[in-house]
Amino acid sequence: MIDLRLLRDDPDAVRASQRTRGESESAVDDLLRANEARRAAVQRFEALRAEQKQLGKRMPKAAPEERATLLARTKELAAEVKAAEAGVTAAEQEQRQAHLAIPNVVEPGVPAGGEDDYVVLREIGERPSLPTVRDHIELGEGIGAFDLERGAKVSGSRFYYLTGVGALLQLGLLQLAIAQALEHGLTPVIPPVLVKPESMEGTGFLGAHAAEVYRLEADDLYLVGTSEVPLAAYHAHEILADLTEPIRYAGWSSCFRREAGSYGKDVRGIIRVHQFDKVEMFSYCRPEQAAEEHLRLLGWEEEMLAKVEIPYRVIDVAAGDLGSSAARKYDCEAWLPSQQRFLELTSTSNCTTFQARRLNVRYRDEEGRTRPAATLNGTLATTRWLVPMLENHQQPDGSVRVPKALQPYLGGRDVLEPVRR
RNA sequence: GGAGACUUCGCCUAGUCUGGUCUAUGGCGCCGCACUGCUAAUGCGGUUGGGGUUUUACCGCCCCUCCCGGGUUCGAAUCCCGGAGUCUCCGCCA
């Protein structure tokens, strides 16, 4: 939810943001109107309620005949107050609707436009020159890293088993991520992956992405698509006592996505799957520190990418492709030799105070006032990373080189050789 | 799954039976001031959160907030109904 004070003080700033995103400007006026209506309703109610309380106070010490007149008026008032209160509730609901319809105000400098209007900030590392290119499926099955057929047999399409070196690669990668997170002072967290509707809603995943989410109807719980959800809801309805330094977590969890509407896209292999594992960074900080913190998270993502020795580029995602919560988003995309294209490996979002306002996460500033915190998130490692790792480190005989940083997790091996199945 | 107890302004707690004087008690903690040459101790004062109004700079005034949502009533922390959470016991499964 955007800041209503900003909306009232500078509605043009919000309109400009909507334009950059390619979204409706009239939504801004809808919210302004709804806010005004709400305030009017509140004033009506409060005036009546004040009178009711005044008269009620006189009741116990009123003389018998005075009491009769009082009673007549207060009875009347009781009905009016009740009606006015209903008016407030209705106006609040209407404002909330209008409020939720407006995505976060984009950060200055975000490229305008849609999915294809990103700006490439830099490209790091050398694309490998390969005489013969095998894709990750051929390589992974060759070295016995995963079993797609049995994944499909047991659970359906877009499921897989990680086996042998594949399981070790993933565990090593995630542990490497946790080790790095610890180095930088983040608190490692293994969160619940089933959450209540309000937690899912608070993080904004039941809006445009509702169809992406698995729901357990019998228990009214949702499977999270990222540990961002339980990490963001972790401090919901809290006032953080000290936020002079950002509070940072590194969540390790399985993630579940329905991938509805992605039929035919990356159907083979482990690029786009229903279940994967991820280490996700999550940061709470003061709003004025958020942009700086965002670059810090991006830096930590790049540090991880360097450790696994993958060529990648960094893009500044265009406004129309940000999602509702983010004010700015940087993606790191790995080079994929088999497809001669880039594949998203990490994504870091600065949600400013938008998400915290929904989840009611606040902090106390120097003057003792409570203010909404800023929240940010960013990817440190996922199952998907195995794809460019296999492809970029492949050798002509179908074996795969192990980056130095991961070798300890694979029993010291520096090459994974093809195995007979 | 069944039964019961509980949920009060950071923490603990009084108040609920017997509705109005609850504008919610006390302690701890925290903040400020005073005092003693420092510390400690003591004394005094302050300390839930949200919203409205004055276009929040401040002060003030008002409304809401005693787990949440309804209801009864002129009036609800207090009575009634529903829900959530915590704990205890029983059952079941590990």
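No experiment lies behind these values; they were computed from the predicted model shown. These values consider heavy atoms only, across backbone and side chains, with no hydrogens, waters or symmetry-generated copies.
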Using atom C1' of each nucleotide, how far apart are B:rA14 and B:rC28 to the nearest Å? 15 Å
Selected nucleotide, minimal atom distance to A:I239 side chain, candidates B:rG52, B:rG49, B:rC63: B:rG49
Would you call A:R257-A:E212 a salt bridge at under 4.0 Å N-O? no
If we take the P atom in both B:rG19 and B:rA77, what is their distance in whole Å? 13 Å
Who pairs with B:rG37 - Watson-Crick or G-U, where each distance is under 3.5 Å: none
Is the ring pair A:Y284/A:H235 parallel, tilted or perpendicular, if the boundaries are 30 and 60 degrees? perpendicular
Searching all strands shown, indicate the nucleotide that pairs with B:rC17 (Watson-Crick or G-U wobble; both distances under 3.5 Å). none
A:Y330: what forms a ring-ring contact (aromatic ring centres under 6.0 Å, His included) with it, not counting sequence neighbours? A:H294
Ring centroid separation A:Y249 to A:Y234 under 6.0 Å: yes
Where each residue is assigned the nucleotide of RNA chain B containing its nearest heavy atom, which of A:D9 and A:A47 is assigned the position nearer the 5′ end? A:D9
Which whole number of Å gives the distance between the P atom of B:rG27 and that of B:rU47? 15 Å
Whole-Å P distance, B:rC6 and B:rU16: 13 Å
5' priority, RNA chain B, between A:T89 and A:Q54 [closest heavy atom]: A:Q54
Check nucleotides 20-25 of chain B for protein N or O atoms closer than 3.5 Å to its own N or O atoms and list the pairs.
unit_1: B:rG20; atom_1: N2; unit_2: A:G56; atom_2: O; d: 3.4

Same-atom distance (C1') from B:rU8 to B:rA24, integer angstrom: 8 Å
In Watson-Crick or G-U wobble terms, both distances under 3.5 Å, what is the partner of B:rA94? none
Distance in angstrom units between A:K196 NZ and B:rG85 C1', rounded: 8 Å
Sorted by chain and residue number, the salt bridge (Lys or Arg N to Asp or Glu O under 4.0 Å) partners of A:D220 (sequence neighbours excluded) come out as A:R215
Counting only Watson-Crick pairs (N1-N3 plus N6-O4 or O6-N4) and G-U wobbles (N1-O2, O6-N3), all under 3.5 Å, who is the partner of B:rG45? B:rC31
I'd like the C1' distance from B:rG15 over to B:rG26, given in whole Å. 12 Å
Salt bridge (charged side-chain N to carboxylate O under 4.0 Å, His left out) pairs, two or more places apart, involving residues 43-53 of chain A: A:E51-A:R73
In whole Å, I'd like the distance from the CD atom of A:Q93 to the P atom of B:rG69. 12 Å
A:Q52, nearest nucleotide to its side chain (from B:rC63, B:rG75, B:rG49): B:rG75
Let's see if you get this right: which residues in residues 352-365 of chain A place a heavy atom under 4.0 Å from RNA chain B? A:R362, A:R364
Any salt bridge between A:R19 and A:E25, counting N to O under 4.0 Å? yes
Side chains of residues 223-232 of chain A: which donor-acceptor partners sit under 3.5 Å, not counting sequence neighbours?
unit_1: A:T226; atom_1: OG1; unit_2: A:E228; atom_2: N; d: 3.0
unit_1: A:T226; atom_1: OG1; unit_2: A:K278; atom_2: NZ; d: 3.0
unit_1: A:E228; atom_1: OE2; unit_2: A:Q355; atom_2: NE2; d: 3.0
unit_1: A:E228; atom_1: OE2; unit_2: A:N377; atom_2: ND2; d: 3.4

Whole-Å distance, A:L48 CG to B:rG75 C1', equals 16 Å
When both distances are under 3.5 Å in a Watson-Crick or G-U wobble arrangement, the nucleotide paired with B:rG60 is B:rU53
How would you list, by chain and number, every residue that makes a side chain to side chain contact (heavy atoms under 4.5 Å, CB included) with A:E92, sequence neighbours excluded? A:R38, A:V88
Every protein N/O lying under 3.5 Å from an N/O of nucleotides 76-82 of chain B:
none

Tell me whether the side-chain N/O atoms of A:R73 come closer than 4.0 Å to OP1 or OP2 in B:rC74. no
Any carboxylate oxygen within less than 4.0 angstrom of a Lys/Arg side-chain nitrogen, looking at A:D29 and A:R15? yes
Can you list, by residue number, the residues of residues 75-88 of chain A that have a non-hydrogen atom closer than 4.0 angstrom to RNA chain B? A:K75, A:A78, A:K82
The complete set of salt bridge (charged side-chain N to carboxylate O under 4.0 Å, His left out) pairs with one or both residues in residues 296-309 of chain A, sequence neighbours excluded, reads A:R122-A:E302, A:E292-A:R296, A:E293-A:R296, A:E303-A:K307, A:E309-A:R401
Gap in Å between the two C1' atoms, one belonging to B:rC66 and one to B:rU25, rounded: 13 Å
With a 3.5 angstrom cut-off on both distances, give the Watson-Crick or G-U wobble partner of B:rG4, or none if there isn't one. B:rC87
By side chain to side chain donor-acceptor pair (under 3.5 Å) - contacts of A:E107 (at least two apart): A:R328, A:N350
Find the partner of B:rC79: check Watson-Crick (N1-N3 plus N6-O4 or O6-N4) and G-U wobble (N1-O2, O6-N3) distances, both under 3.5 Å, and reply none if neither fits. B:rG71
Cut-off 3.5 Å, no hydrogens considered: what does the side-chain donor-acceptor table look like for residues 407-419 of chain A, sequence neighbours left out?
unit_1: A:Q407; atom_1: NE2; unit_2: A:V402; atom_2: O; d: 2.9
unit_1: A:R413; atom_1: NE; unit_2: A:L410; atom_2: O; d: 3.3

